[in-house]
Amino acid sequence: MAAASSSSDETDRRFMAATIRLSRHHLGLTATNPSVGTLIVHDDGSGTRIVGRGVTAIGGRPHAEPQALAEAGELARGATAYVTLEPCAHHGRTPPCAEALITSGVARVVGAASDPDPRVSGRGYAMLREAGIEVVEKVLADEAADLMAGYLNRSVSKRPEVTLKLAVSADGMIGVKGKGQVAITGPEARAQVHAMRAEADAILAGIGTALADDPELTCRLPGLQGRSPVRIVLDANARLPVNSKLARSAREVPVLLAASIDADPARRTSLSECGVELIGADLVDGRVALPELLDDLAGRGISTLMVEGGAAVAGQFLKDGLVDRIALYSGTAAIGAAGGVPSPLSRDTIPAGFRIVREARFGEDRYAEWTRKG
Ligand code: AOF
Ligand code: ZN
């Protein structure tokens with residue numbers, strides 16, 4: 001008996017891992033909705049088979065479950081549905097997914113993360129149980145929640161989840177003063193950074209970086225160019241040049257400029273004529289106030305924000321306690337103290353309250369990731 005139950009636990013974990021991998025496909029593309037995955041697994045007695053797959057559609061609707069159920073059709077009857085988030089229980093723009101699962105005749109639902117949305121929380125699972133469906137909760141819950149951290153964070157704290165990304169040289173530098181972009185990591189690590197950009201809703205840099213490096217902040221991986229995040233520049237005085245790569249590409253990939261409403265009106269006008277959207281920022285000591293900006297971004301539906309720009313901006317986010325995740329790439333070459341810009345952070349100075357969740361190697365470079373202890 002014990003052996004049978006542990007093998008079905010193992011099967012559930014294996015299919016949930018596959019469902020979580022599927023949910024990754026639309027990260028950064030589902031607006032205020034989380035990117036949820038669903039697999040319908042049918043067992044005809046001779047073995048298990050995936051008969052339906054669904055991931056929250058681009059833009060956030062339809063949800064994952066009805067898409068997977070539509071593919072499964074009659075084969076959903078008696079099957080097990082794997083869902084990375086508790087199925088919704090509310091009548092939104094679509095009918096509740098819990099209802100769709102009940103109507104389809106599935107016998108079991110295996111769920112990972114719980115949904116903090118007050119319209120859903122606990123009610124999705126309760127509806128399924130009331131209809132006689134066996135429900136197993138919290139299978140690989142942490143793994144699923146890690147991918148949905150943006151949605152979960154935004155629901156609870158009304159702010160996007162902030163990932164601070166840093167690339168640090170062997171001697172602890174993130175750049176060279178007055179030198180623009182310098183290579184700290186190799187091509188594999190850079191490709192990985194672009195993949196992170198593809199999965200983020202927005203990316204942020206300071207005006208110092210925008211002026212020194214003239215970055216594009218887009219995702220340029222072959223095939224994923226359409227996945228660039230919204231680009232945000234902290235620019236209290238609206239100094240971004242109209243001929244910068246950011247301003248010139250603002251009509252293709254949105255640029256939000258967090259600037260004071262008192263910034264030079266001519267500059268503001270010429271930037272908005274380029275397609276740059278100005279968002280009125282509160283200033284503290286001449287700098288854009290971050291908590292208010294993050295509230296504003298959450299209100300625009302941004303759930304995940306990658307901070308990729310400059311020591312001053314990184315330091316400001318750290319000082320204000322607004323970093324939820326640290327993504328640290330360590331290169332192998334030294335830059336030298338003369339002219340080097342020291343990193344505000346190293347592997348040895350990760351703030352208290354963070355725990356390491358991932359370590360990897362990309363080419364010659366090392367990678368480590370920490371999140372706030374939950
Ligand atoms: C699911 N499956 O694939 C997703 C869910 O505005 P609505 O009607 O789309 O509802 C948004 C809520 O739906 C969101 O806050 C979360 O609770 C849930 N997202 N639920 O059953 C899905 N993306
Ligand atoms: Zn739903």
Side-chain angles (χ1 to χ4, degrees), residues 15-41 50 52-72 76 79-106 108-131 133 135-141 143-161 199-201 297-304:
F15 279 118
M16 186 58 82
T19 317
I20 291 171
R21 282 198 296 280
L22 177 65
S23 78
R24 271 198 106 104
H25 287 213
H26 285 169
L27 279 180
L29 297 175
T30 53
T32 55
N33 247 323
S35 179
V36 174
T38 299
L39 284 182
I40 311 293
V41 177
I50 295 172
R53 282 147 277 249
V55 57
T56 311
I58 293 174
R61 293 177 204 91
H63 289 182
E65 294 88 333
Q67 301 180 69
L69 291 170
E71 187 190 343
T80 297
Y82 292 87
V83 291
T84 60
L85 181 72
E86 175 178 5
C88 67
H90 66 285
H91 282 269
R93 280 197 239 158
T94 51
C97 291
E99 211 166 273
L101 287 161
I102 294 166
T103 311
S104 75
V106 298
R108 289 177 83 226
V109 172
V110 179
S114 311
D115 191 345
D117 186 323
R119 299 170 299 175
V120 178
S121 188
R123 296 184 52 215
Y125 289 137
M127 275 172 75
L128 298 170
R129 288 197 172 102
E130 278 157 27
I133 294 175
V135 176
V136 184
E137 296 180 36
K138 298 192 170 34
V139 174
L140 301 187
E143 286 82 347
D146 191 48
L147 285 185
M148 274 185 264
Y151 165 76
L152 300 172
N153 207 74
R154 182 174 168 277
S155 307
V156 175
S157 71
K158 310 290 176 223
R159 284 188 188 155
E161 191 217 18
E199 291 186 343
D201 292 336
L297 297 180
R300 290 164 182 260
I302 291 172
S303 302
T304 52

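Only heavy atoms go into these numbers, but all of them, side chains included; no hydrogens, no water, no symmetry mates. We count ligands from 1, going down the list as the structure has it; atoms in each ligand are counted the same way.
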Just going by heavy-atom distances, which of M148, H63, R61 is nearest to atom 1 (C) of ligand 1? H63
Quick check: C97 and ligand 1, any N/O pair under 3.5 Å apart? no
Under 3.5 Å, side chain of H26 to main-chain N/O of T56, donor-acceptor pair present? yes
If we ignore hydrogens and angles and just use 3.5 Å, is the side chain of E86 paired with the main-chain N or O of G124 as donor and acceptor? yes
Quick one: does T32's side chain have a donor or acceptor within less than 3.5 Å of a partner on G301's backbone? no
Ignoring hydrogens, just give me the one of T84, N33, V55 whose non-hydrogen atom is nearest atom 18 (C) of ligand 1. N33
Keeping N33 on the side-chain end and G59 on the backbone end, is there a donor-acceptor pair under 3.5 Å? no
Rounded to 10 degrees, the angle SG of C97 makes with SG of C88 at the Zn ion (ligand 2): 120°
Under 3.5 Å, side chain of E65 to main-chain N/O of A98, donor-acceptor pair present? no
When you measure from the side chain of T304 to the backbone N and O of D201, does any donor-acceptor pair fall under 3.5 Å? yes
Could you list the atoms of ligand 1 found under 4.0 angstrom from a heavy atom of V36? 3 (O), 4 (C), 22 (C), 23 (N)
Could you tell me whether the side chain of S121 and the main chain of P118 form a donor-acceptor pair under 3.5 Å? no
For H91 and ligand 1, answer yes if some heavy atom of the residue is under 4.0 Å from a ligand atom, otherwise no. no
Using only atom types and a distance under 3.5 Å, with no angle test, would you say the side chain of T80 pairs donor to acceptor with the backbone of R108? no
Check: of T38, V120, D117, min heavy-atom distance to atom 15 (O) of ligand 1 comes from D117
Whether the side chain of S303 engages the backbone of R154 through a donor-acceptor N/O pair (distance < 3.5 Å, no angle test) should be reported. no
Among the N/O/S atoms of H63, the Zn ion (ligand 2) lies closest to ND1
Look at atom 17 (O) of ligand 1 and say which protein heavy atom is nearest, naming residue and atom and giving the distance to 0.1 Å. D115 OD2, 2.4 Å
Identify, by atom number and element, the atoms of ligand 1 in contact range of C88, meaning under 4.0 Å from any of its heavy atoms. 1 (C), 20 (N), 21 (O)
Knowing that exactly one of I102, I133, T38 qualifies, which makes a side-chain contact (heavy atoms from CB on, under 4.5 Å) with V109? I133
List ligand 1 atoms under 4.0 Å from R93, heavy atoms only on the residue side. 8 (O)
Using distance alone, determine whether G60 and ligand 1 share an N or O pair under 3.5 Å. no
Do me a favour and list the nearest non-hydrogen protein atom to atom 2 (N) of ligand 1 with residue, atom name and distance? E65 OE1, 2.8 Å
Against heavy atoms of R119, which atoms of ligand 1 measure under 4.0 Å? 10 (O), 11 (C), 12 (C), 15 (O)
Ligand 1 atoms in contact with P87 (distance to a heavy atom under 4.0 Å): 21 (O)
Starting from atom 10 (O) of ligand 1, find the nearest protein heavy-atom neighbour and note its residue, name and distance. H90 NE2, 3.0 Å
